[in-house]
Amino acid sequence: MVNFYLRSVNNFQEILKRKTFSKEELIVLIRSKGEERIQLLKRSQEVKNREVGNKVYFRGLIEFSNICSKDCLYCGIRKGNEKVLRYHAKDEEILDACRFAWKNGFASVVLQSGELSTPAFVDRVDKLLKKIKQLSNNELGITLSCGEQTLETYKRWFESGAHRYLLRIESSNRELYYKIHPKNDDHSFEKRIEALGFLKEAGYQVGTGVMIGLPFQTYEDLANDLLFMKKLDIDMCGMGPYLEHEDTPLYQYRNMLMSKQERFNLALNMVAVLRLLMPDINIAAATALQAIDPAGREKALAVGANVIMPNLTPCEYREEYQLYENKPCLDEDAELCRNCLEARIELAGAEIGYNEWGDSRHFIKRMQTGK
Ligand code: SAH
C-alpha cells in the first residue's frame with residue numbers, strides 16, 4: 001500500500017513537470033485531491049508568477065442588456081424565462097460606468113449582453129464603442145461578450161475600438177453541447193466554433209471557456225475542453241462552475257450534480273491545469289466562483305488566474321441579469337466594489353495592475369510570430 005502510494009505521488013510529480021500533457025494525464029491532474037491537489041495548485045501558482053507575473057488586471061464588467069434571442073437550457077436570462085424584466089441600459093449609464101472605470105485606473109471594460117444580432121443592436125454597440133474610446137482619450141481597452149455575430153460585424157466592432165472578445169464554447173463535446181442547448185439552427189455548435197474562427201480572423205484577442213460540473217459532463221469532457229482551448233490557441237479564458245437556476249430546463253437534473261463545493265474545487269483545478277497547459281494566456285477568475293465561496297475569485301487568482309471583472313453594471317439592473325442563482329454583489333455599487341476587491345486582492349498577496357491593459361502575453365507573442 002505504502003509503495004503504491006509513493007509510486008503514484010512520484011508519478012504525479014513527474015506529470016506536473018511536463019510542458020505537454022496527454023488526455024489521460026490531464027484527467028489525473030483535474031481529478032487530483034488531497035496532497036496531490038496541493039502540489040498541483042502550488043505548481044500552477046509558480047508557473048503563473050513565472051510566465052505572467054503576480055499582477056491582477058481589472059476589467060470593469062457592464063452587463064448592458066439582458067435581451068436575448070437564445071434559449072440556452074442553463075441560463076437564467078434565456079429568451080423563454082418570462083420572469084425576467086428585460087432591459088437595455090441607457091447610453092449615459094453605460095458611459096458613466098466606463099468613466100468610472102477609466103478614472104479609477106481599471107484600464108479596461110467588458111461589455112456583456114444577451115445575444116442579439118439585429119442591425120439596431122449591431123449599430124448600437126458600434127456607436128457605444130466609439131463613444132467609449134472618445135471619452136477616455138482612446139485609453140480604455142474594450143472587451144466584448146455579445147455572442148455569435150457575422151464576420152462583418154466582428155470586423156466592424158474591431159475597427160470601432162473593441163480589441164478582445166469572449167465567447168465561451170460552453171462545452172467542446174458536441175453531444176453535451178446539445179444536451180444543454182436546444183437542438184436547432186439558432187444554437188448550432190458548428191456556428192459557435194465558426195464564430196471563434198471569425199474572431200481570430202478579425203484580429204481580436206480571443207477568449208473562450210466552459211462551464212464546469214454540468215449534468216452529464218465527464219472528466220474526459222473537461223480534459224477535452226482544455227485540449228480544445230490549446231488547439232484553438234486562445235489568448236484568454238473565462239471558465240467557472242455551472243450553477244443551477246430554478247427557472248431553466250436544466251434545473252430538472254439538479255439531483256445529478258456534484259455538490260457545489262465539489263464543483264468549486266473542480267473549477268479551481270481546471271484553472272490550475274489550464275495554467276500549466278497554456279502558461280502565458282490571461283485567465284479570468286469567474287464571478288460564478290464567488291457565488292459558492294465569498295473568497296472564490298481570490299482563490300482562483302492564487303492558483304493561476306490573473307484577471308478579475310469587478311461588476312460595474314448599474315445596480316438597478318443587476319437583479320435582472322441573474323444567469324445563475326446566488327449571483328454575488330447584487331447591491332454593491334462600483335465604489336464599494338472597488339474598495340472591497342482591492343482589500344481582498346492584497347490579502348491574497350497579489351498586486352493590482354492599475355492603468356495597465358494587461359494584454360494577453362500569448363497574444364503579443366502570437367502577433368510577433370505572425371501566427
Ligand atoms: N450572450 C453572451 C454572453 C453570455 S453570459 C454569449 O453568448 O457569449 C456569459 C456566460 O455566463 C455564458 O457564456 C455562460 O458560460 C455563463 N452562464 C450562463 N448561465 C450559467 C449558469 N447557470 N451557471 C454558470 N454559468 C452560466
Side-chain angles (χ1 to χ4, degrees), residues 59 61-81 84 86 88 110-118 121-122 125 143-149 153-154 157 162 164-172 176-177 179-182 186-189 191-193 195-196 198-199 204 206-215 217 225 229 236-254 257-258 260 263-264 266-267 270 284-292 296-297 309 311 313 317-318 320-328:
R59 319 273 189 240
L61 175 64
I62 307 166
E63 296 150 334
F64 68 97
S65 169
N66 65 355
I67 301 175
C68 194
S69 61
K70 286 204 165 180
D71 241 343
C72 307
L73 305 180
Y74 45 84
C75 182
I77 65 165
R78 63 198 300 270
K79 181 169 95 181
N81 185 3
V84 176
R86 301 291 163 169
H88 272 309
V110 180
L111 296 186
Q112 190 180 82
S113 67
E115 205 162 309
L116 289 180
S117 48
T118 57
F121 181 78
V122 172
V125 172
T143 307
L144 288 176
S145 174
C146 304
E148 291 155 46
Q149 305 289 343
T153 299
Y154 286 149
W157 288 347
R164 308 186 182 111
Y165 205 106
L166 282 176
L167 184 75
R168 287 186 176 178
I169 187 66
E170 316 296 0
S171 168
S172 65
L176 178 55
Y177 190 89
K179 287 194 169 120
I180 62 169
H181 296 97
D186 282 345
H187 299 81
S188 153
F189 179 67
K191 280 195 187 153
R192 201 145 179 102
I193 293 194
L196 285 164
F198 287 164
L199 287 167
Y204 289 88
V206 178
T208 192
V210 294
M211 282 177 287
I212 298 155
L214 286 162
Q217 190 178 44
D225 288 338
M229 296 185 216
M236 326 182 292
C237 174
M239 59 181 171
Y242 161 69
L243 294 162
E244 61 274 34
H245 189 301
E246 201 179 344
D247 302 318
T248 61
L250 221 55
Y251 193 67
Q252 65 185 296
Y253 302 113
R254 64 194 175 282
L257 300 174
M258 294 176 189
K260 284 198 175 145
R263 276 176 264 163
F264 179 86
L266 189 56
M270 282 286 283
T287 309
L289 290 166
Q290 200 187 339
I292 303 181
R297 290 188 297 178
M309 297 168 24
N311 196 339
T313 306
Y317 299 126
R318 292 194 195 180
E320 304 306 331
Y321 202 89
Q322 296 220 52
L323 308 170
Y324 43 80
E325 285 171 3
N326 289 329
K327 199 155 167 267

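For ligands, and for the atoms within them, numbers begin at 1 and follow the listed sequence. Since we're looking at a predicted model, the values are computed, not measured.
Taking any N or O of Arg192, backbone or side chain, at least one lies under 3.5 Å from an N or O belonging to ligand 1. Residue-to-ligand polar distances place Glu115 within reach of ligand 1: an N/O pair is separated by less than 3.5 Å. Considering backbone and side-chain atoms alike, Tyr74 places an N or O below 3.5 Å from some N or O of ligand 1.
Put simply, the side chain of Asp225 gets close to the backbone of Ser172: a donor and an acceptor are under 3.5 Å apart. Remark: the backbone N or O of Ile77 is paired with a side-chain donor or acceptor of Arg86 at under 3.5 angstrom.
By the criterion of a heavy-atom distance under 4.0 Å, the backbone of Ser113, and not its side chain, is placed next to ligand 1. Residue contacts with ligand 1, taken as heavy atom pairs separated by less than 4.0 Å, do not involve Cys72 at all. Of the heavy atoms in Glu148, none comes closer than 4.0 Å to ligand 1. Residue-level proximity to ligand 1 for Lys70 is absent, since no heavy atom of it falls below 4.0 angstrom. For Arg168, every heavy-atom contact with ligand 1 shorter than 4.0 Å involves the side chain, none the backbone. With a 4.0 Å cut-off on non-hydrogen atoms, Glu170 touches ligand 1 through its side chain and not its backbone.
Taking the charged nitrogens against the carboxylate oxygens, Lys70 and Glu115 do have a contact shorter than 4.0 Å, which makes a salt bridge. A salt bridge links Lys327 with Glu63: at least one charged nitrogen is closer than 4.0 Å to a carboxylate oxygen.
Nearest to atom 9 (C) of ligand 1 among the protein's heavy atoms is Gln112 NE2, 3.5 Å. Scanning all protein heavy atoms for the shortest distance to atom 26 (C) of ligand 1 gives Met211 SD, 3.5 Å. Of the protein's non-hydrogen atoms, the one nearest atom 11 (O) of ligand 1 is Leu323 CD1, 3.4 Å.
For Tyr74 and Tyr242, the gap between ring centers reaches or exceeds 6.0 Å.
Taking both residues in full, the closest heavy atoms of Met229 and Cys237 are given as SD-SG, 3.7 Å, listed atom of the first, atom of the second, then distance. Closest non-hydrogen pair, Leu214 versus Glu170, comes out as CD1-O, 4.1 Å. Leu167 and Arg192 get closest at one heavy-atom pair: CD1-NH2, 3.4 Å.
Those atoms of ligand 1 that come under 4.0 Å of a heavy atom in Pro241, given as number and element, are 24 (C). Close approach of ligand 1 to Tyr324 (heavy-atom distance below 4.0 Å) involves ligand atoms 20 (C), 21 (C), 22 (N), 23 (N), 24 (C), 25 (N), 26 (C). Per-residue contacts place Gly147 under 4.0 angstrom from the following atoms of ligand 1 (heavy atoms of the residue considered): 2 (C), 6 (C), 7 (O), 8 (O).
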side-chain contact (heavy atoms from CB on, under 4.5 Å) for Leu243 and Glu325? Distances and angles first, verdict last. CA-CA 7 Å; Leu243 294 162; Glu325 285 171 3; 5.9 Å; no
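Across the listed options Leu243, Thr208, Ile212, Leu243 owns the non-hydrogen atom lying nearest to atom 21 (C) of ligand 1.
More than 12 heavy atoms of other residues, nucleotides or ligands sit less than 6.0 Å from atom OH of Tyr317.
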